[in-house]
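Notes for the one structure printed next.
Labels below follow one simple rule: chain letters A, B, ... track the order of the sequence lines, proteins then strands, and each chain is numbered from 1. Atoms considered below: every heavy atom in the structure, side chains included; atoms not considered: hydrogens, waters and symmetry mates.
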Protein chains: 2
Amino acid sequence: MKVETMNNIKTTLKVVCGKWKGIILIELFDDSLRFSEIKKRIPEIHHQTLIKQLKELEEDQLISRYEHAVVPPKVEYSITEYGRSIFPLLKEMEQWGKHHRVNVE
Amino acid sequence: MKVETMNNIKTTLKVVCGKWKGIILIELFDDSLRFSEIKKRIPEIHHQTLIKQLKELEEDQLISRYEHAVVPPKVEYSITEYGRSIFPLLKEMEQWGKHHRVNVE
DNA sequence: CTGGATCCAATTTGATACTG
DNA sequence: CAGTATCAAATTGGATCCAG
């Protein structure tokens, strides 16, 4: 296989393969959400873990973060165009998982 | 988000998100290969790691393993229909990575 | 409300040695 | 040649505590 092909796949893996990243992106697809709202929609994710994954997604520029200058803090996360471009892939992942359920224990 | 959607995605993540799994599957797509041939095509992967990932892929039934009864041993790995069904996803991953290169350092 | 700083446990990957 | 067994290293997710 060409090295480039491998790197392309690695790039994608890096971006979507956090345990929750795909799920976060899907949540953000329709609306911007603030931190607490995301938390509410994905209750199983730990507070701190969510912070980390959001940060990574932001670093990879899949989402953007807007901090309202208010007290108490209000921060909104929204998907970027770049992030949006990965949506077909997420959909395909969902479809495949749907038809090919493996033992997810 | 529906719990089911989440589980579908998790299923897919579980299957393709090993560091090398997608790459192994692509290599096997065209031909069955024996262990040493896979190793040759993906030199960066460590012997031991390859064994493990192949074993997991086999457990998830994405590939099958045929052991020829000869000395020295000869083992062939081939992709299953089930494994084949994930190919569009891999292609999409490759495409996305191609157009959206992130710092893979 | 949001998130930084730490530490820890679990998982994953890689290294080394040995076997039929 | 292919694989097992074991261990070490690295990465990741999660828990707890603290702060503006």
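Taking atom NZ of Lys10(B) as the reference point, atom P of dT12(D) lies 18 Å away to the nearest angstrom. If you measure from atom CD1 of Ile24(B) to atom P of dT12(C), you get 14 Å, rounded to the nearest angstrom. Rounded to an integer number of Å, the gap from NZ of Lys19(A) to C1' of dA10(C) is 10 Å. As a whole-Å value, the separation of Lys55(A) NZ from dT2(C) P is 16 Å. Across the protein-nucleic acid pair, Leu13(A) atom CG and dT11(D) atom P stand 16 Å apart, rounded to whole Å. Here dT11(D) presents its C1' atom at 13 Å from NZ of Lys14(A), a figure rounded to the nearest Å.
Of the residues in residues 28-53 of chain B, those placing a heavy atom less than 4.0 Å from an atom of DNA chain D are Arg34(B), Phe35(B), Ser36(B), His47(B), Gln48(B), Ile51(B), in numerical order. Sorted by residue number, the members of residues 65-80 of chain B with any non-hydrogen atom under 4.0 Å from DNA chain C read Pro73(B).
In this model, no donor atom of one side chain and acceptor atom of the other lie less than 3.5 Å apart for Thr49(A) and Trp20(A). If you check the side chains of Thr80(B) and Ser64(B), you find no donor sitting under 3.5 Å from an acceptor.
The pair Glu37(A)-Arg34(A) fails the salt-bridge criterion, with no side-chain N (NZ, NE, NH1 or NH2) lying under 4.0 Å from an Asp/Glu carboxylate O. Here Glu56(B) pairs with Lys21(B) in a salt bridge; the nearest charged N to carboxylate O distance falls below 4.0 Å.
Geometrically, Arg84(B) engages Phe29(B) in a cation-pi contact defined by less than 6.0 Å to the ring centre and at most 45° from the axis.
Ring centroids of Tyr82(B) and His99(A) are separated by 6.0 Å or more, keeping the two rings apart.
Each of Asp31(A), Ile24(A), Leu54(A) was evaluated against Tyr77(A); a single residue qualifies, Leu54(A), per the side-chain contact (heavy atoms from CB on, under 4.5 Å) test.
A donor-acceptor contact shorter than 3.5 Å links the side chain of Thr11(A) to the backbone of Asn7(A).
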